[in-house]
Amino acid sequence: MLAMILAAIAGTLGIGACIGAGLAAIGAGIGIGKIGASAMEAIARQPESTGDIRSNMIVIAALVEGVALFAVIVCLLAMFV
């Protein structure tokens, strides 16, 4: 009986971890897409500041990727711990 309950809990954690990792990846993709779209719009409005906009876009995209990677790692750790 106890073994069945523990197996059910482990399965639920695995499903939750997979859903969490997927949501983190989708959220990062949407965020980076919005960053890119906004940067292209800003460059179209002010072409003389292309370098500044591009460097800021890269920094922000790297921060979003870092948060997404952290979320995926936490989800995977939740599955195995």
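Predicted model only: the values in this text are computed from it and were never measured. Residues take their numbers from the sequence shown, with the count starting at 1.
In this structure E41 satisfies the side-chain hydrogen bond (donor to acceptor under 3.5 Å, both in side chains) test together with R45, sequence neighbours excluded. A24 is linked by a side chain to side chain contact (heavy atoms under 4.5 Å, CB included) to A71, V72, counting only residues two or more places apart in sequence or in another chain. I30 meets the side chain to side chain contact (heavy atoms under 4.5 Å, CB included) test with I26, K34; sequence neighbours excluded.
For residues 50-79, there are no side-chain hydrogen bond (donor to acceptor under 3.5 Å, both in side chains) pairs, not counting sequence neighbours.
Taking every heavy atom of both residues into account, A17 and C75 meet most closely at CB-O, 2.9 Å.
Within the hydrophobic cluster formed by Ile, Leu, Val, Met, Phe, Trp and Tyr side chains joined at under 4.5 Å, directly or through other members, I43 is accompanied by M40, I53. Taking Ile, Leu, Val, Met, Phe, Trp and Tyr as hydrophobic and joining them when side-chain heavy atoms fall under 4.5 Å apart, one finds I60 in a cluster with I32, I35, M57, V64.
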